[in-house]
Amino acid sequence: MSTRSSEGGEAIDAGLVVHKVDPLNAETAIDALVGGVMMPSARFYVRSNFPVPALDPDFWRLQVTGLVDEPLLLRLDDLRAMPSHTQVVTLECAGNGRALLTPPTPGEQWGLGAVSTAEWTGVPLIEVLERAGVRSSATEVLFRGSDSGAAPGHAQPVRFERSLPLEVARLPEVLLAYAMNGEPLPNQHGFPLRLVVPHWYAVASVKWLDSIEIIDRPFRGHYQTDTYFFEWQRDGHVTREPVRLQRVRSLTTEPETNVEVERGQLAVRGVAWSGAAPITRVDVSVNRGPWQEARLVGERKRSSWQWWELLLPVNEPGPIEIRTRATDMAGRTQPETPEWNRLGYGNNAIQTTRVQIK
Ligand SMILES: Nc1nc2c(c(=O)[nH]1)N[C@H]1C(S)=C(S)[C@@H](COP(=O)(O)O)O[C@H]1N2
Ligand SMILES: [Mo]
């Protein structure tokens, strides 16, 4: 359809690396990640399982049902009239870095750019939960997007639905966001309303949200239990764990890989983030030499990536390998090699950047 292919065209013009046009799946080009903490919305990676629904904000409603004292039907204006909160949050697809796994795993073959940061504005979810009055028997909150389509193993179309444990849904930082970088949400990022769950891999941040249901059983929908879990074979046993908090990670944005640079001072820069805790250090190693601590730039915030940089003297011509490793306050750090799992999630291995010194 013409609208969808023009979305693909716009994404290419904005410098996104397009993986699929319909539905649009595109990652942020690493060299676009220069300067500030926030990514302009047009350069923010896009991951959608189904075609983007076209929702008319005049007719759209958010329904809150299930184990509540008072079911709610909220218009966008109702939400805008409630207390609002603005927060900088890094969203990362759990499949980010999947293309670097060997042997290959199924799913979108993301490089390193399925991650971006924006300033999100909306109503803290807890405000809506409190207005509805959650019953004491509740255990989970189920979020439904308006989008749907075919999914493997299902005869009927499935909707994009995910649940959060009640104690996570009640955290003050979980937002019902209607604005991104100070503008109404762009269509591909969930207009008119999306959930934003800081610290969690972005699958939790349901776009095109139109229904919230409070339940007292573990939700078992397609995107909850058929996919988005780590699966390992250990000692002949299959172990599974749901994809939740973002793993600690650094991303080197400068120098770009495979470029030639002049002898002298080489600026190595990038971003680092972790869902478990703020970043405490980023270390850089050249040609497998000792780790050198980079300088962290700006405020430490657990919900957002932060910049780091290190000036390296490079005086010998020839190829060099730069490796960067982030550590968070919980003491977690990046592994030397990816921890392979069957569905290819959470690859936070140390990144290597190769440059040629002239
Ligand atoms: N309704 C809906 N919400 C969704 C998805 C989707 O396909 N449908 N994809 C999820 C996944 S896997 C990711 S990584 C993020 C991507 O958000 P973005 O496109 O704004 O970057 O949205 C999540 N929320
Ligand atoms: Mo994702």
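Just so you know, residue 1 is the first one in the sequence shown, and it goes up from there. All ligand and atom numbering here is 1-based and tracks the order in the structure.
Aromatic pair Trp200/Tyr228: ring centres not closer than 6.0 Å. Aromatic ring centres of Phe160 and Tyr223: separated by under 6.0 Å.
Taking any N or O of Tyr228, backbone or side chain, none lies under 3.5 Å from an N or O belonging to ligand 1. Between Asp147 and ligand 1, a contact under 3.5 Å exists for at least one N or O pair. Any N or O atom pair closer than 3.5 Å counts here, and Glu92 shares no such pair with ligand 1. Of the N or O atoms in Ser48, none lie within a sub-3.5 Å distance of an N or O in ligand 1.
In summary, the side chains of Glu173 and Ser303 do not present any donor paired with an acceptor at a separation below 3.5 Å, with no hydrogens or angles considered. Side-chain contact of Ser137 with Asp216: a donor-acceptor pair under 3.5 Å is absent, judged by distance alone. Side-chain atoms of Thr117 and Trp305 include a donor-acceptor pair closer than 3.5 Å. Using modelled atom types, one finds a donor on one side chain and an acceptor on the other under 3.5 Å when comparing Glu27 with His19. At a cut-off of 3.5 Å, with distance as the only test, a side-chain donor of Ser250 or Thr324 sits close to an acceptor on the other residue.
When only non-hydrogen protein atoms are considered, atom 9 (N) of ligand 1 lies nearest to Arg47 O, 3.4 Å. Atom 17 (O) of ligand 1 has as its closest protein heavy atom Arg194 NH2, 3.2 Å. Closest to atom 11 (C) of ligand 1 among all protein heavy atoms lies Val203 CA, 3.9 Å. Scanning the protein heavy atoms around atom 19 (O) of ligand 1, the nearest turns out to be Lys207 NZ, 2.6 Å. Of the protein's non-hydrogen atoms, Ala202 O, 3.6 Å is the one closest to atom 15 (C) of ligand 1. Annotation: atom 4 (C) of ligand 1 to nearest protein heavy atom, Phe160 CE2, 3.5 Å. The protein heavy atom nearest to atom 21 (O) of ligand 1 is Tyr45 O, 2.7 Å.
Near Cys93, meaning under 4.0 Å from any of its heavy atoms, are these atoms of ligand 1: 14 (S). Counting the atoms of ligand 1 from 1 in the order shown, those under 4.0 Å from a heavy atom of Val206 are 3 (N), 24 (N). Every atom of ligand 1 is numbered from 1 in the order shown, and the set under 4.0 Å from a heavy atom of Phe44 is 21 (O). Within ligand 1, counting atoms from 1 as listed, the ones closer than 4.0 Å to a heavy atom of Ser205 are 22 (O), 23 (C), 24 (N).
Under the 30°/60° scheme for interplanar angles, the aromatic rings of Tyr45 and Trp110 are found to stand perpendicular.
With a 4.5 Å cut-off on side-chain heavy atoms, Glu299 and Gln306 do not count as touching.
Here Glu316 does not pair with Arg263 in a salt bridge; the nearest charged N to carboxylate O distance is not below 4.0 Å.
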